[in-house]
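Worksheet: one structure, shown below.
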Amino acid sequence: MRRVRRLSLANVLWGIGACAVFSACAAMETSMAKNELEVRTQMSETIFLDPVGPVNRTIYIEVRNTPDRDHFDIEAPIIAAIGRGGYRIVDDPEHAHYWLQANVLMVEKSTKDDAQQSLLNGYGGALSGAVAGAAVGAATGGSGETIALTALVGATIGLIGETVGNAMVDDVLYVAVTDVQVVEKAKQGVEIHSQSQQSLTQGKDGRLSQQFQEVTNRKKFRTRVVSTANQANLDYEEAKTLLASGLTRSLANLF
């Protein structure tokens, strides 16, 4: 029995050492693969607006930021970028040829798969939550001493793997998801017939359905913009600047 315990302890020590080596190698591989910063901004739908003369280059801009991330303010940069493009920003939407309305839905750590799914879901679609966390367990049979040793091994290996990995590198991807509506005034004499329907939850079991119909002179276009920033050990302060810059450029290029 004593020999069996010595062999078990040797295996334990080998396992701990191997875990540390493998974790270090995996961290180094991630660091090399994610050394270069990768920033992307994509739209779910393309928007084409009719060209207009200088007199009609007026725009009303409304940007909302609903997530709980601080200091992700993009309205001022968007106004400045569109203004540099020759458009006059107006405070009264009735006197604007274009409206740009944007709602930042999420600025958070995520995964590439979730970011892509949020893009595919399009304007008003569901947000895919970030995938995080993992659980590792093992079931073994034997004496109480063996079970206690196994539990200690699992905790030690997990702690070493996490410590080595976190100390060396972390593959971080931040994503910003924004729903965008662009409204364009139609030419004189053109009528736009608009219909919309909503289904709202009322309490635990009830639902409320609403339908709207209107005749207007404005055309509406909707899209979703997903911006991502990915790099090893990327922090939020750096990521927010990159995400805001990509989103600003994307919206300004619509006009």
Side-chain angles (χ1 to χ4, degrees), residues 36-52 57-87 89-90 93 96-131 172-185 194 196 198 218-231 234-255:
E36 296 294 330
L37 177 65
E38 179 182 334
V39 182
R40 300 181 64 188
T41 299
Q42 297 175 283
M43 280 189 174
S44 62
E45 303 290 342
T46 301
I47 294 178
F48 290 104
L49 302 174
D50 294 334
V52 296
R57 290 180 183 171
T58 56
I59 183 170
Y60 169 80
I61 298 176
E62 180 184 60
V63 179
R64 297 179 179 177
N65 187 358
T66 55
D68 58 358
R69 281 288 183 179
D70 294 332
H71 309 301
F72 193 77
D73 301 320
I74 60 171
E75 186 173 48
I78 290 174
I79 290 175
I82 293 179
R84 289 193 297 267
Y87 284 80
I89 315 302
V90 298
H97 189 81
Y98 296 107
W99 299 350
L100 172 60
Q101 298 169 291
N103 184 19
V104 181
L105 302 173
M106 183 182 80
V107 183
E108 194 54 76
K109 285 184 179 181
S110 188
T111 66
K112 286 188 175 181
D113 288 342
D114 284 340
Q116 187 64 24
Q117 188 58 53
S118 293
L119 179 70
L120 294 176
N121 289 343
Y123 179 96
L127 297 177
S128 294
V131 177
V172 179
L173 182 139
Y174 277 96
V175 59
V177 181
T178 307
D179 277 352
V180 179
Q181 176 171 270
V182 177
V183 181
E184 177 185 19
K185 184 178 289 186
S194 176
S196 60
Q198 292 181 333
R218 294 190 180 271
K219 298 181 287 185
K220 294 181 180 180
F221 307 89
R222 291 173 172 175
T223 188
R224 171 169 286 182
V225 180
V226 175
S227 304
T228 59
N230 183 209
Q231 189 180 32
L234 180 65
D235 61 27
Y236 172 68
E237 291 302 315
E238 182 180 4
K240 72 175 184 181
T241 302
L242 300 169
L243 296 173
S245 177
L247 177 57
T248 298
R249 186 167 51 251
S250 181
L251 296 184
N253 286 340
L254 289 172
F255 301 92

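Closest approach of Lys185 and Arg218 over heavy atoms only: CE-NH2, 3.3 Å. Closest approach of Val226 and Ser118 over heavy atoms only: CG2-C, 4.4 Å. Taking every heavy atom of both residues into account, Ser110 and Val175 meet most closely at CB-CG1, 3.3 Å. Residues Gly122 and Asp179 share a closest heavy-atom pair of O-OD1, 4.3 Å.
Counting heavy atoms from C-beta on, the side chains of Thr66 and Asn103 come closer than 4.5 Å. The side-chain heavy atoms of Val63 and Ile78, taken from C-beta on, include a pair separated by under 4.5 Å. Two residues are said to be in side-chain contact when any heavy atoms from C-beta on lie closer than 4.5 Å; Gln101 and Lys220 fail this criterion. Between Val52 and His97 the shortest side-chain heavy-atom distance falls below 4.5 Å.
At least one donor-acceptor pair under 3.5 Å links the side chain of Asn230 to the backbone N or O of Val172. A donor-acceptor pair under 3.5 Å links the side-chain atoms of Trp99 to the main chain of Pro93, judged by distance alone. The backbone N or O of Ala126 lies less than 3.5 Å from a partner atom in the side chain of Asn121, making a donor-acceptor pair.
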Show me the donor-acceptor pairs, under 3.5 Å and distance only, between side chains in residues 41-51 and residues at least two apart or in other chains.
unit_1, atom_1, unit_2, atom_2, d
Thr41, OG1, Ser227, OG, 3.2
Ser44, OG, Thr223, OG1, 3.4
Ser44, OG, Arg224, N, 2.9
Asp50, OD2, Lys219, NZ, 3.1

Compile the donor-acceptor pairs under 3.5 Å between side chains in residues 246-255 and protein atoms, sequence neighbours left out, one pair per line.
unit_1, atom_1, unit_2, atom_2, d
Thr248, OG1, Ala244, O, 2.8
Arg249, NH1, Ser245, OG, 3.4
Asn253, ND2, Arg249, O, 3.1

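To the nearest 0.5 angstrom, Leu243 atom CG is 13.5 Å from Arg40 atom CZ. A distance of 9.0 Å separates OG1 of Thr58 from CD1 of Ile89, quoted to the nearest 0.5 Å. For the atom pair Tyr87 OH and Arg57 CZ, the distance stands at 5.5 Å (nearest 0.5 Å). Between the CD atom of Glu238 and the OH atom of Tyr174 there is a distance of 10.5 Å, given to the nearest 0.5 Å. For the atom pair Ile82 CD1 and Ile61 CD1, the distance stands at 4.0 Å (nearest 0.5 Å). Going from atom CG of Leu127 over to atom CD of Glu108 covers 11.5 Å, rounded to the nearest 0.5 Å.
Applying the side chain to side chain contact (heavy atoms under 4.5 Å, CB included) rule to Asp73 yields the partners Asn65; only residues at least two apart in sequence or on another chain are considered. When the side chain to side chain contact (heavy atoms under 4.5 Å, CB included) test is applied to Lys240, the partners found at least two apart in sequence or on another chain are His71, Phe72, Tyr236, Glu237. In terms of the salt bridge (Lys or Arg N to Asp or Glu O under 4.0 Å) criterion, residue partners of Glu62 (sequence neighbours excluded) are, by chain and number, Arg64.
Residue pairs meeting the ring pair (Phe, Tyr, Trp, His ring centres under 6.0 Å) criterion with at least one partner in residues 100-121, sequence neighbours excluded, are absent.
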Item checked: Residues Phe221, Gln181; criterion side chain to side chain contact (heavy atoms under 4.5 Å, CB included); working and verdict -> CA-CA 6 Å; Phe221 307 89; Gln181 176 171 270; over 6 Å; no

